[in-house]
2 protein chains.
Amino acid sequence: MTPTPDRGPDRGPDRGLDRRLDQAAELCRARGQSLTPLRRRVLEIVLEADRPLGAYDVLEILAEERGRVAPPTVYRSLDFLLDQGLVHKVLSVNGFVACSDTARPHAAELFICRHCGNAVEVARKAADPRLEETAAGLDFAIESVVLEVRGRCADCRADA
Amino acid sequence: MTPTPDRGPDRGPDRGLDRRLDQAAELCRARGQSLTPLRRRVLEIVLEADRPLGAYDVLEILAEERGRVAPPTVYRSLDFLLDQGLVHKVLSVNGFVACSDTARPHAAELFICRHCGNAVEVARKAADPRLEETAAGLDFAIESVVLEVRGRCADCRADA
DNA sequence: TATGACATGTTATAAAGTATCGAGAATGAC
DNA sequence: GTCATTCTCGATACTTTATAACATGTCATA
């Protein structure tokens with residue numbers, strides 16, 4: 001389902017990249033935070049990627065643009081974006097993906113293809129009742145949930 | 001709920017440790033694999049711990065017993081135990097926990113306390129229908145699922 | 001006793017992440 | 001305006017986690 005090609009905010013070569021970045025900036029501002037040029041650029045890099053990027057992947061891209069960049073520079077920006085819910089961390093691959101729905105923080109389900117590395121995010125509508133039940137049984141207070149599904153995506157299955 | 005103190009295979013100071021190790025050995029043997037002394041000891045170390053252990057925690061314990069031990073020694077044993085479904089990897093903390101039900105490989109839900117670090121495993125009875133649905137919608141073939149819940153366990157909530 | 005398969009030891013290095021200190025810019029109080 | 005505070009970022013050094021590559025040991029058996 002491609003976006004309508006001749007109108008709408010998502011047309012053009014960057015698929016609404018600027019719009020999403022502006023939205024993110026606005027979101028931060030509304031929270032009294034600031035999406036600085038560095039943070040904005042890091043978010044852009046993650047948005048542009050078609051798969052989870054490692055912190056050092058981001059670092060490399062930044063380094064090409066502005067010379068030597070040290071790890072803390074990247075990790076600080078990524079941590080900020082994580083805090084703001086603008087990116088998710090993918091534990092399975094030590095990587096980061098842009099959040100597909102930045103409207104509000106949410107637990108994400110990630111479907112990660114072992115073949116092409118692509119990661120699709122599916123927002124979780126509501127708390128999983130089974131999980132809630134189990135937690136209640138254990139008298140365990142849930143703070144966050146990591147749910148990552150690994151397998152093979154449609155495209156890669158078709159290719160095979 | 002302590003095990004019956006005066007009878008049964010789980011009594012004694014090691015709560016059935018030897019029994020579980022013997023079971024594991026039998027399981028490996030049935031598969032044409034071998035739970036060597038090193039692998040058995042690594043499994044024992046993980047079983048004895050009351051929280052997920054890092055590879056280097058295991059390494060340190062081994063090193064006390066047999067002098068210098070290099071990382072590959074530990075990682076190889078842990079990888080073997082992972083393959084055999086005898087331990088799980090906890091991505092949230094880069095650690096390893098013993099599997100509580102080694103009868104057959106299974107996806108596990110892990111409830112990890114942010115305070116004490118304890119990790120409780122709950123075997124997943126069946127495939128999550130919601131997850132299956134989502135995967136079907138994406139035409140995504142699930143191979144494995146990581147589900148880690150972070151929060152506060154009963155004991156730590158009581159203490160607070 | 002050769003040989004083949006597997007397990008382990010050894011060395012070196014890659015990859016991921018953090019602690020800390022200090023300089024400079026932005027913000028707000030006065 | 002200017003001073004103090006806070007935030008952001010750069011830079012250095014380091015820790016933790018993980019793997020590659022190759023050598024050696026062990027054991028069954030042909």
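No hydrogens, no waters, no symmetry mates; every other heavy atom, side chains included, goes into these values. Sequence lines set the chain letters: A, B, ... in the order given, protein chains first and strands last, and positions in each chain run from 1.
- For the ring pair (Phe, Tyr, Trp, His ring centres under 6.0 Å) condition, the pairs that include at least one residue of residues 34-89 of chain A, sequence neighbours left out, are H88(A)-H106(A).
- For the salt bridge (Lys or Arg N to Asp or Glu O under 4.0 Å) test, residues two or more places apart in sequence or in another chain that qualify with E65(A) are R41(A).
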Going 5' to 3' through nucleotides 11-27 of chain D and flagging B where a protein heavy-atom sits under 4.0 Å of the base, S where only the sugar-phosphate is that close, and - otherwise, we get BB----BBBBB------

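- Under the side-chain hydrogen bond (donor to acceptor under 3.5 Å, both in side chains) criterion, R40(B) pairs with D22(B), sequence neighbours left out.
- Between Q33(A) atom CD and dT8(D) atom C1' the separation is 12 Å, expressed in whole Å.
- Atom CD of E60(A) sits in a sparse spot, with 12 or fewer heavy atoms from other residues, nucleotides or ligands closer than 6.0 Å.
- Salt-bridge annotation for R130(B) and E133(B): absent, with no side-chain N of the basic residue lying under 4.0 Å from a carboxylate O of the acidic one.
- First and last contacts of DNA chain C with chain B, using any nucleotide atom under 4.0 Å from a protein heavy atom and ordered 5' to 3', fall at dA7(C) to dT11(C).
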Extract all donor-acceptor atom pairs below 3.5 Å that involve side chains of residues 109-116 of chain B and protein atoms in other chains or at least two apart in sequence.
unit_1: R114(B); atom_1: NE; unit_2: E143(A); atom_2: OE1; d: 2.7
unit_1: R114(B); atom_1: NH2; unit_2: S144(A); atom_2: OG; d: 2.8
unit_1: H115(B); atom_1: ND1; unit_2: R152(B); atom_2: NH2; d: 3.2

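- Within the 4.5 Å cutoff, no side-chain heavy atoms of V97(A) are placed close to those of V87(A).
- A donor-acceptor distance shorter than 3.5 angstrom exists from the side chain of R39(B) to the backbone of S34(B), with no hydrogens or angles considered.
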